[in-house]
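Count residues from 1 along the sequence. Every number for a ligand or one of its atoms is a count from 1 in the order of the listing. Because only heavy atoms are used, hydrogens play no part in the values below, and waters and symmetry mates are left out as well, while side chains stay in.
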Amino acid sequence: MAKMWKGRFRGATHPLMEAFGQSISFDRELGRQDVAGSLAHAKMLAAAGLLTSGEHRAIRKGLAAIADDMAAGKFVFDPANEDIHMSVEAELTARIGAPARKLHTGRSRNDQVATDLRLWTRERQDALAERLRQVMLSLLAVAERERRLVIPGYTHLQRAQPVLLAQHLLAYVEMFDRDRGRLADARRRTNRLPLGAGALAGTTLPIDREAVRRELGFDGLCENSMDAVSDRDFAVETLSCLALIAVHASRLAEDVVLWATSEWGLVKLDDSWSTGSSIMPQKRNPDLLELVRGKTGRVIGALVALLTILKGLPMAYNRDLQEDKEPLFDAARTVGSSLECLAAFIPTLKFDEKRAAALLRDGFLDATVLAEYLVEKGLPFRTAHETVGNLVRLAEDSGRRLRELTGREMLAASPLLDAGVRRRLDPAKVPASYASAGSAGPAGVRRALAAWKKKLAK
Ligand code: ARG
């Protein structure tokens, strides 16, 4: 195949090299950003006197038509053009002729690709932040709807203390909100303009980077031309955000998988989100949740891939950097669709109140408040812990619950365990007495719900 810049070569590229080196099969994803970058660059070149106004007009119209074709899905990507930058330039040349030969003045594909990728990443960061907001809103809606439901809370996957379901759901709202914060933080460093760095050293031509920055809505310039074309830390940071979002989504998925087991039986999956088995007619499988959990592996893999690609790179641009795109594109797409599904799925969760009550009955979920009752009565906590431990053993050995112990047994364990203790001994009522800031009872949850509703309204 002929080379686009023939000058220094006599021979054609080996077909295997072409196939191996091409990126057009995936960097076409950057089409819109590539055209936007070229439009801004051309405008600046015209202002700097490097294009006549006629040339600029021809380039502008040509690029606008290409953008329209891309938006309409009509742009034909010729595999003869190795990447998106060459595709757009070659197509522009085919459409408008000579003026297109000036478009690449004062720039390189190295600063061009870095610019395209930052534009793309910035957009995805915003879109993902919105997806996160939607998931948070759906969690909030269920927390609000089920705000009275008490369930067992677990540590070590052993029944621990009763909590409001809302508190459990709001824990994920907190996580996803921090994820939004991390995306916003990564965005600040992403939103800097590499264009004008040239191949690595800048240019002798009188370009105006500041004008291009303004035109493309970047907050600042990449200040060092070699850094501008060679680092991808903005993509690493974004992948790191994505990996953590995926981890959080995966934990949520795992919780719901457990809740939906026959053993837990706390939620029933809606038909619209359940899948059957090809052999077992009774099955109602949580495939969505398992996929959300499973896809986390490839998102974490994408982060590790990019870090590994970058780790041994000498200054400045190296073709290894072309390998940045597929992991980033895939991870963003994967997390985006996981979040989209979760936002639609969460409101369909139906909780079984009877089952929740049954789950609370066993497991001595009221043991800790009982110990705290003794502390209120003046007992040192360690002594109270031991006293209640003895009562738990007594109850367990005789197949009873704490509230089924007799008054005499209580008093024998401690004279402080008067009749007043009975009021505390019902796991379903325990959360009502949680008093500390951020605790899992109605007072804390009510405050949190109101605060999140305000924060997420927009
Ligand atoms: N397709 C290349 C990439 O994604 C564009 C930059 C190529 N630059 C070069 N000097 N070969 O990184």
Side-chain angles (χ1 to χ4, degrees), residues 1-9 11-38 40-41 66 70 75 77-93 103-124 190 192-203 212 222 225-236 238-239 302 305-333:
M1 195 178 297
K3 292 185 189 296
M4 193 172 174
W5 36 88
K6 305 188 213 39
R8 70 108 55 245
F9 294 102
T13 314
H14 195 290
L16 283 175
M17 177 60 225
E18 275 181 5
F20 192 66
Q22 67 81 28
S23 55
I24 191 59
S25 59
F26 52 87
D27 69 9
R28 60 179 64 186
E29 170 97 18
L30 300 174
R32 193 158 38 81
Q33 290 77 10
D34 197 73
V35 171
S38 286
H41 183 67
I66 288 174
M70 281 180 176
F75 187 85
F77 292 95
D78 181 348
N81 298 313
E82 162 184 302
D83 62 22
I84 185 62
H85 325 293
M86 288 163 70
S87 296
V88 171
E89 191 178 332
E91 180 64 22
L92 186 68
T93 309
L103 177 60
H104 210 54
T105 307
R107 80 176 182 189
S108 151
R109 282 187 296 160
N110 299 350
D111 55 348
Q112 207 182 340
V113 72
T115 302
D116 292 3
L117 198 60
R118 283 177 186 261
L119 286 169
W120 183 92
T121 302
R122 175 177 91 179
E123 268 181 44
R124 295 321 300 158
T190 301
R192 308 203 151 255
L193 175 74
L195 204 64
L200 77 163
T203 172
V212 178
C222 297
S225 61
M226 296 175 79
D227 174 46
V229 292
S230 72
D231 207 349
R232 294 292 183 269
D233 52 5
F234 67 95
V236 171
T238 305
L239 280 170
L306 185 55
L307 285 168
T308 312
I309 289 160
L310 294 177
K311 97 165 251 304
L313 288 189
M315 277 291 181
Y317 178 86
N318 297 271
R319 190 63 177 273
D320 314 45
L321 289 171
Q322 181 167 295
E323 292 292 311
D324 60 359
K325 289 169 207 60
E326 286 163 292
L328 183 62
F329 294 168
D330 182 72
R333 199 167 18 243

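Protein heavy atom at the shortest distance from atom 2 (C) of ligand 1 is Gln322 OE1, 3.3 Å. Among protein heavy atoms, the minimum distance from atom 11 (N) of ligand 1 is reached at Arg109 NH2, 3.4 Å. Residue, atom and distance of the protein heavy atom nearest to atom 12 (O) of ligand 1 are Tyr317 OH, 2.4 Å. Residue, atom and distance of the protein heavy atom nearest to atom 10 (N) of ligand 1 are Asn110 OD1, 3.2 Å.
Between Ile84 and Arg28, the closest heavy-atom pair is CD1-CA, 4.0 Å. A pairwise comparison of heavy atoms in Ala332 and Arg124 identifies CB-CG, 4.4 Å as the closest pair.
Between Asp116 and His85, some side-chain heavy-atom pair lies under the 4.5 Å cut-off. Using a 4.5 Å cut-off on side-chain heavy atoms (C-beta onward), Glu91 and Phe77 make no contact.
Residues Glu123 and Arg118 are not paired through a salt bridge, judged by the lack of any N-O separation under 4.0 Å between the basic side chain and the carboxylate. Using a 4.0 Å cut-off between a side-chain N of Lys or Arg and a carboxylate O of Asp or Glu, Glu29 and Arg333 qualify as a salt bridge.
When only interatomic distances are considered, the shortest N/O to N/O separation between Lys325 and ligand 1 falls below 3.5 Å. For a threshold of 3.5 Å applied to N or O pairs, the pair formed by Glu82 and ligand 1 contains no separation below that value.
With a 4.0 Å heavy-atom cut-off, ligand 1 is reached by no atom of Gln112.
Those atoms of ligand 1 that come under 4.0 Å of a heavy atom in Ser23, given as number and element, are 1 (N).
A donor-acceptor pair is defined here as one N or O able to donate and one able to accept, closer than 3.5 Å; such a pair exists between the side chain of Asn318 and the backbone of Pro314.
When the heavy-atom distances from atom 5 (C) of ligand 1 to Ile84, Asp83, Asp320, Asp116 are ranked, the shortest goes to Asp83.
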